[in-house]
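Every heavy atom of this structure was used, including side-chain atoms; hydrogens, water molecules and symmetry mates were not.
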Amino acid sequence: MLTGDEVARRALCVLVIEDDAFIGTLYEDVLTEMGHRVCAIETTERGAIAAAARFKPDLMIVDASLREGSGVGAAQEILRVGFVPHFFVSGDIIGVHEQMPGAIVLRKPFLEHELARAIQRALSARPPSSRD
């Protein structure tokens, strides 16, 4: 497994879980400008789980609430298979923390530098089993 620093030095394969097509496209544009590649933009919980299995992303950006299913539920299912650096985007930080204590959450709306900071925090996070 690569460390956060090693991953940060190369282009990331990013899975975006977002049910608003416009916002998903904005993420893709910003991530591309940062030198990363969006492997998929998924709009449903089921699609996100399948895409994670298929693409093995280096990072996931997860909208906590989806029209079909739950972004938090998708992340929980994906993380059962193995750790993937991730963070949630939501207007309801408390709600996300109730479902996943300690989760990294970026509050909507946000600025590009806040997105970059959330990416770094996610890449620096260690899997729960390796925490002291």
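- Every residue meeting the salt bridge (charged side-chain N to carboxylate O under 4.0 Å, His left out) condition with Arg80, not counting sequence neighbours, appears here in chain and number order: Glu77.
- For the residue pair Ile78 and Ala48, the shortest heavy atom distance occurs at CD1-O, 3.7 Å.
- Note that CG of Asp20 and OG of Ser65 are 12.5 Å apart. Values are rounded to the nearest 0.5 Å.
- A distance of 11.5 Å separates CZ of Arg54 from CG of Leu15, quoted to the nearest 0.5 Å.
- Nearest heavy-atom pair across Ala122 and Leu59 is CB-CD1, 3.8 Å.
- Note that the CG atom of Asp19 and the CD atom of Glu42 stand 12.0 Å from one another [nearest 0.5 Å].
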Please evaluate residues Ile119 and Val14 with respect to the criterion side chain to side chain contact (heavy atoms under 4.5 Å, CB included), reporting the C-alpha separation (whole Å), side-chain torsions for both, the decisive distance (0.1 Å), and the verdict. CA-CA 10 Å; Ile119 291 170; Val14 182; over 6 Å; no

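- The side chain to side chain contact (heavy atoms under 4.5 Å, CB included) search around Ala103 returns Phe88, Val96, His97, Met100, Val105, not counting sequence neighbours.
- Rounding to the nearest 0.5 Å gives a distance of 6.5 Å between CG of Leu106 and CD of Glu114.
- Residue Ile41 comes nearest to Glu28 through the heavy atom pair CD1-OE1, 3.8 Å, listed as atom of the first residue, atom of the second, then distance.
- Taken from CZ in Arg37 to OG1 in Thr32, the straight-line distance is 10.0 Å, to the nearest 0.5 Å.
- Applying the side chain to side chain contact (heavy atoms under 4.5 Å, CB included) test to Asp29 and every residue at least two apart in sequence or in another chain returns Thr25.
- Side-chain contact between Leu66 and Thr44 is absent, with no heavy atoms from C-beta onward closer than 4.5 Å.
- Remark: side-chain polar atoms of His36 are paired, donor with acceptor, to backbone N or O of Leu12 under 3.5 angstrom.
- Considering only heavy atoms from C-beta on, Leu123 comes within 4.5 Å of Gln120 through its side chain.
- Within the structure, no pair that satisfies the salt bridge (charged side-chain N to carboxylate O under 4.0 Å, His left out) test touches residues 83-107, not counting sequence neighbours.
- When every heavy atom of Ala40 is checked against every heavy atom of Phe55, the shortest pair comes out as CB-CE1, 3.8 Å.
- Within a 6.0 Å radius of CD1 in Ile94, no more than 12 heavy atoms belonging to other residues, nucleotides or ligands are found.
- Residues satisfying the side chain to side chain contact (heavy atoms under 4.5 Å, CB included) test with Lys108, not counting sequence neighbours, are Glu18, Asp63, Val89.
- For Ile104 against Ala125, the heavy-atom pair with the smallest separation is CD1-CB, 4.4 Å.
- Annotation: the span from Ile61 atom CD1 to Leu115 atom CG amounts to 5.0 Å, rounded to 0.5 Å.
- In terms of the side chain to side chain contact (heavy atoms under 4.5 Å, CB included) criterion, residue partners of Glu45 (sequence neighbours excluded) are, by chain and number, Ile49, Ser70, Ala74.
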